[in-house]
Structures are given as structure tokens and as C-alpha cells.
Amino acid sequence: MSAYELKQALRDLPGIETLTISYAGNGNQLVTIGDQTAEVGPMASNEEIRLAFLNPFIRTENTKMSISGYEPGAIRARLEALKKAGKDRRDAAIAKLDEAGKKHEAVSEEIERVAGQLEKEADAALQEFAEFSNGGPA
């Protein structure tokens with residue numbers, strides 16, 4: 001069947017002016033109107049094709065329908081993009097956690113340094129106090 005003949009036979013379908021016909025790897029034809037694609041076997045009648053476009057949920061013996069609007073492989077590409085985006089977000093979160101961990105270590109070191117200094121100052125103050133209260137060395 002030619003595209004012209006099929007356009008004439010299906011001229012009442014919305015979007016028929018966008019009709020294209022290509023071939024699937026299995027030898028069937030792919031008839032596309034707008035964002036809908038019907039895979040048509042060699043024995044599909046014009047009425048079976050019409051039914052596929054009017055009610056894509058009823059499959060006939062000679063038609064298969066895709067109403068997703070995605071080109072072949074587009075869903076896989078979309079899923080791969082989603083996986084990559086998720087991995088990128090995870091990597092960014094891990095990088096932030098690593099950075100926060102480094103900051104935490106620096107803060108902990110500073111706290112230890114200040115605590116050590118305070119302990120030394122407290123020991124020195126207690127030593128000085130002990131010298132005054134015990135009469136100091138003779």
C-alpha cells in the first residue's frame with residue numbers, strides 16, 4: 001500500500017496529514033499518525049488500521065499499537081538518563097558528605113586543641129593556687 005492510498009482511505013482520522021510509513025525489522029510496516037504508531041502486518045486491512053488508531057486498546061490480528069508517543073529506543077534512553085541523573089545526585093551528595101566530614105574533623109581537632117589549652121591553663125591555675133594555700137616551697 002502507498003502512503004497516498006492509505007491517506008485517502010483514512011482521510012477522516014485526525015492528523016492524517018502527518019501520516020508516514022516506515023518498515024520494522026520484522027518486515028511489517030510502521031504507520032504513524034501524529035504521536036501514534038501502528039505496526040501493520042502484510043495482511044492488515046485499511047479498516048484494521050483505522051480501528052488501531054481509533055481505539056488503540058483493541059488489537060486486531062494484523063496490528064500492534066504504540067500510543068506512547070516515544071520513538072523506538074526513546075524509553076530506554078529516558079531510563080538511562082534518569083539512572084545517570086540519580087547517580088550524579090548520589091555522587092554530589094557523597095561529595096558533600098565527604099566535605100562535611102573533613103570540616104567535622106577540623107572542628108574536632110580545634111576543640112581538642114582548645115580543650116588541651118584549657119586543661120593546661122586549669123592545671124597551672126590549680127598549681128598556683130596550691131602554692132599559695134600550702135605555703136609554697138621553703
Side-chain angles (χ1 to χ4, degrees):
M1 90 184 79
S2 74
Y4 176 78
E5 291 169 340
L6 192 55
K7 278 184 181 179
Q8 291 304 309
L10 305 177
R11 65 183 168 268
D12 60 319
L13 293 180
I16 192 65
E17 63 279 354
T18 66
L19 179 131
T20 60
I21 300 175
S22 59
Y23 291 94
N26 61 6
N28 289 342
Q29 290 183 329
L30 299 173
V31 179
T32 302
I33 300 175
D35 63 354
Q36 295 182 328
T37 300
E39 183 174 336
V40 180
M43 301 305 290
S45 68
N46 290 346
E47 288 310 309
E48 284 179 305
I49 298 168
R50 176 189 311 283
L51 180 61
F53 284 103
L54 291 176
N55 191 348
F57 300 105
I58 299 176
R59 182 175 172 207
T60 67
E61 180 180 344
N62 296 302
T63 62
K64 295 179 191 171
M65 193 67 184
S66 169
I67 59 169
S68 67
Y70 289 106
E71 294 296 319
I75 293 173
R76 178 172 296 151
R78 179 72 176 139
L79 289 174
E80 290 298 323
L82 287 172
K83 281 176 28 180
K84 183 182 180 325
K87 182 185 178 306
D88 291 346
R89 282 193 308 272
R90 184 194 70 211
D91 291 346
I94 289 171
K96 285 182 182 179
L97 283 174
D98 287 344
E99 184 179 324
K102 290 175 183 172
K103 287 180 180 178
H104 175 73
E105 287 175 16
V107 168
S108 293
E109 288 172 5
E110 182 63 16
I111 289 171
E112 287 297 320
R113 188 191 67 75
V114 170
Q117 182 67 32
L118 287 174
E119 190 175 325
K120 287 178 186 175
E121 290 176 7
D123 286 345
L126 285 174
Q127 183 65 31
E128 187 176 338
F129 180 73
E131 287 177 12
F132 287 114
S133 62
N134 293 333

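What you see below is based on every heavy atom in this structure, not just the backbone, and it leaves out hydrogens, waters and symmetry mates. This one's a predicted model, so the numbers in the text were calculated from it and none came from an experiment.
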Under 3.5 Å, which donor-acceptor pairs link side chains of residues 9-20 to any protein atom two or more places apart or in another chain?
{"from": "R11", "atom 1": "NH1", "to": "Q8", "atom 2": "O", "distance (Å)": "2.5"}
{"from": "D12", "atom 1": "OD1", "to": "R50", "atom 2": "NH1", "distance (Å)": "2.4"}
{"from": "D12", "atom 1": "OD2", "to": "R50", "atom 2": "NH1", "distance (Å)": "3.0"}
{"from": "T18", "atom 1": "OG1", "to": "G15", "atom 2": "O", "distance (Å)": "2.7"}
{"from": "T18", "atom 1": "OG1", "to": "G34", "atom 2": "N", "distance (Å)": "2.9"}

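- The line from CZ of R113 to OG of S108 is 13.5 Å long, rounded to the nearest 0.5 Å.
- Using a 4.5 Å heavy-atom threshold, the side chains of E5 and N46 count as separate.
- Atom NZ of K87 sits about 4.0 Å away from atom CG of D91, to the nearest 0.5 Å.
- Looking at K102 and E105, no side-chain N of the basic residue comes within less than 4.0 Å of a carboxylate O on the acidic one, giving no salt bridge.
- Of the possible polar contacts, none joining the Q36 side chain to the I33 backbone as a donor-acceptor pair under 3.5 Å is found.
- Atom CD of residue E128 and atom CD of residue E121 lie 12.0 Å apart, to the nearest 0.5 angstrom.
- The two residues M43 and E48 have their closest heavy-atom pair at O-OE1, 3.8 Å.
- For the salt bridge (Lys or Arg N to Asp or Glu O under 4.0 Å) test, residues two or more places apart in sequence or in another chain that qualify with E99 are K103.
- Atom CD of E39 and atom CG of L30 lie 5.5 Å apart (nearest 0.5 Å).
- Distance CD1/I49 to CD/Q29: 7.5 Å, rounded to 0.5 Å.
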Item to check | Working for side chain to side chain contact (heavy atoms under 4.5 Å, CB included), residues L6 and I21 | outcome: CA-CA 10 Å; L6 192 55; I21 300 175; 4.1 Å; yes
